[in-house]
There are 2 protein chains.
Amino acid sequence: MAGSTSTRAQIVDAANRLFYEHGFEHTSFAAIAEAVGISRGNFYHHFKTKDEILIGVIEARLHSTRAMLAEWERDEPGPAERVRRFVEIVITNGADIENYGCPVGTLTNELAKLDHPARSQAVAVFELFRTWLREQFEALGFTVEADDLAMHVLAFSQGIATLSNAFHDGEFVQREVDRLHGWLDERLADHASPRSRR
Amino acid sequence: MAGSTSTRAQIVDAANRLFYEHGFEHTSFAAIAEAVGISRGNFYHHFKTKDEILIGVIEARLHSTRAMLAEWERDEPGPAERVRRFVEIVITNGADIENYGCPVGTLTNELAKLDHPARSQAVAVFELFRTWLREQFEALGFTVEADDLAMHVLAFSQGIATLSNAFHDGEFVQREVDRLHGWLDERLADHASPRSRR
DNA sequence: CCACGACTAGGACGCCTGTCCTAGTACTGA
DNA sequence: TCAGTACTAGGACAGGCGTCCTAGTCGTGG
């Protein structure tokens, strides 16, 4: 609680980045220590185990995600624009996603494979997006479908992220984002004057 | 080249499964040896390094994928049915995907994070599906769009797999598969008598 | 001035990893 | 029968890992 940014926060920041870029398991204490610029042993004073750092990282992600969503609620005029803002993430963070995939999806899957107790907490980040998207669709007048629509947007984004990472194809990403925007247009139009029901 | 199934093949099989379930890095030589039922040291006779095993696993996956696609070409009457067969994978392999995600997507991403030289070979499995799907769409009369459509189907499947793994929700998977089938219906109808162009 | 807590550096520890060696067995072909 | 090859078991090896300890520094409050 001393410096401008506490050592603890610096550790979490560095670990957050390294877990994203190289995975949780492949990131060693030594690597985090080097990134922060502190000694390995010093770690023990802030975090007893690697799992504690992981929990710290997930909590930081939950916090920053909540902040981002709140910012979108402030900045964007309506729910439709907010959903579109979400859809654009894969472009906004295009470079990182090409290199490392989606931070949420990849961490969740790694923890699933490791059978790690923190898996459910990693899923909570997904749930944050899911709930927020559902609320946007509810604000758009959808009721029972809202959650389905939220999950669809989430799934679409995940698919784009995975293939962006595999193929490093920015044009593909743009094309699929446009497609998702188009899908959203149709859903909103359908809902305004329902004719078909797909 | 002795037994009914060679030791080498057994090693590749076990490693294939373990790499899928626990990840490449988290799978140790000892774990593979135990799964096969041979001694750790014996490994060296078949594979010099862990990377060699990985390459063997990827080659095995390429081989089995090609075989599966060829089987679908034999079994399914037309290209549309074949694409639908692909879409159904996330249900056919639903249990595994819920637990471990898509074998192709998760391995590709792990190797990307490890900056592993075999990454491009893992992507080749994706390319196999991509090319095959494109050929099906070409057989359906699409030309320039064929590859886009292939990538869309691929991306959709990846998104479903990722969220299936995160949320363990079989109903969601079924809903999204239905949605993708519906999308395919529209594309095929549009193409038969083009009216709109989304 | 002193005591105390917050913080840090450096290294020791036991364990597990991938790699590699060596001795030994089983089978094959001349 | 014998040589040679394919294969196996078991363990040695160095290095890296997460964890943990200890000694020491710094800054603040009594």
Side-chain angles (χ1 to χ4, degrees), chain A residues 1-58 107 110-111 113-119 121-122, chain B residues 1-58 107 110-111 113-119 121-122:
Chain A
M1 208 167 284
S4 56
T5 52
S6 71
T7 306
R8 194 196 145 93
Q10 279 183 277
I11 293 174
V12 171
D13 274 4
N16 192 350
R17 191 72 204 167
L18 288 170
F19 288 175
Y20 177 37
E21 294 182 2
H22 307 306
F24 168 67
E25 185 155 51
H26 189 250
T27 300
S28 67
F29 269 53
I32 304 173
E34 196 190 8
V36 179
I38 61 174
S39 82
R40 216 171 319 117
N42 188 8
F43 253 103
Y44 195 65
H45 185 259
H46 301 278
F47 297 95
K48 300 294 181 206
T49 67
K50 200 181 175 186
D51 289 354
E52 277 188 24
I53 302 184
L54 175 61
I55 290 171
V57 166
I58 294 176
L107 179 65
E110 183 180 359
L111 297 185
K113 296 204 182 209
L114 299 184
D115 200 20
H116 196 286
R119 195 193 79 89
Q121 296 174 64
Chain B
M1 207 169 283
S4 54
T5 51
S6 70
T7 306
R8 193 195 145 92
Q10 280 182 276
I11 293 174
V12 170
D13 275 4
N16 192 351
R17 191 71 205 167
L18 289 169
F19 287 175
Y20 176 37
E21 293 183 0
H22 306 305
F24 168 68
E25 186 157 49
H26 190 249
T27 300
S28 67
F29 270 51
I32 304 173
E34 196 191 8
V36 179
I38 61 174
S39 82
R40 218 171 318 120
N42 189 9
F43 254 103
Y44 195 65
H45 186 260
H46 301 279
F47 297 93
K48 300 293 182 206
T49 67
K50 199 181 175 185
D51 289 354
E52 278 189 25
I53 302 184
L54 175 61
I55 290 171
V57 166
I58 294 175
L107 180 64
E110 183 180 0
L111 297 184
K113 296 203 182 211
L114 299 183
D115 200 20
H116 196 286
R119 194 193 79 91
Q121 297 175 65

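Predicted model, so just to flag it, every value in this text is computed and none were measured. The basis for the numbers below is simple: all heavy atoms, side chains too, and nothing from hydrogens, waters or symmetry mates. Throughout, a chain's letter reflects where its sequence line sits, starting with A, and its residues are numbered from 1.
Protein atom CZ of B/R40 is 18 Å distant from nucleotide atom C1' of D/dC7, rounded to whole Å. Between the CZ atom of A/F43 and the P atom of D/dC17 there is a distance of 12 Å, rounded to whole Å. Look at NE2 on B/H26: it is 20 Å from P on D/dG16, rounded to the nearest Å. Residue A/I32 contributes atom CD1, which lies 11 Å from atom C1' of D/dG18 at whole-angstrom precision. Remark: C1' of D/dC21 and NZ of A/K48 are 11 Å apart, rounded to the nearest angstrom. Atom NE2 in A/H46 sits roughly 16 Å away from atom P in D/dT19 (whole-Å rounding). Per the geometry, CD belonging to B/E52 stands 14 Å off P belonging to C/dG18, to the nearest Å. The nearest whole Å value for the distance from the CG atom in B/N42 to the P atom in C/dC20 is 16 Å.
Of the listed nucleotides (C/dT17, C/dT19, C/dT8), C/dT19 has the atom at the smallest distance from the side chain of B/F29. Between C/dG18, C/dA9, D/dT19, one nucleotide has an atom nearer to the side chain of A/S39 than all others, and that is C/dA9. Side-chain atoms of B/Y44 lie closest to C/dC21 of the nucleotides C/dG11, C/dT8, C/dC21. Counting only heavy atoms from C-beta on, A/A30 has its side chain closest to D/dC17 among C/dT19, D/dC17, C/dT17. Side-chain proximity of A/H45 to the nucleotides C/dG18, D/dC7, C/dA6 is greatest for C/dA6. Closest to the B/I38 side chain, of the nucleotides C/dA6, D/dA9, C/dA9, is D/dA9. Here the side chain of A/T49 is nearest to one of D/dG11, C/dT8, D/dT19, namely D/dT19.
No side-chain heavy atom of A/I55 sits less than 4.5 Å from a side-chain heavy atom of A/E52. Put simply, the side chain of B/I38 does not reach to within 4.5 Å of the side chain of B/Q10, judged on heavy atoms. Residues A/V57 and A/Y20 fail the side-chain proximity criterion, which asks for heavy atoms closer than 4.5 Å.
A donor-acceptor contact shorter than 3.5 Å links the side chain of A/E110 to the backbone of A/F24.
Here the CD atom belonging to B/Q121 is positioned 5.5 Å from the CD1 atom belonging to B/I58, to the nearest 0.5 angstrom.
Side-chain nitrogen and oxygen atoms of B/T7 include none within less than 4.0 Å of the OP1 or OP2 phosphate oxygen of D/dC7.
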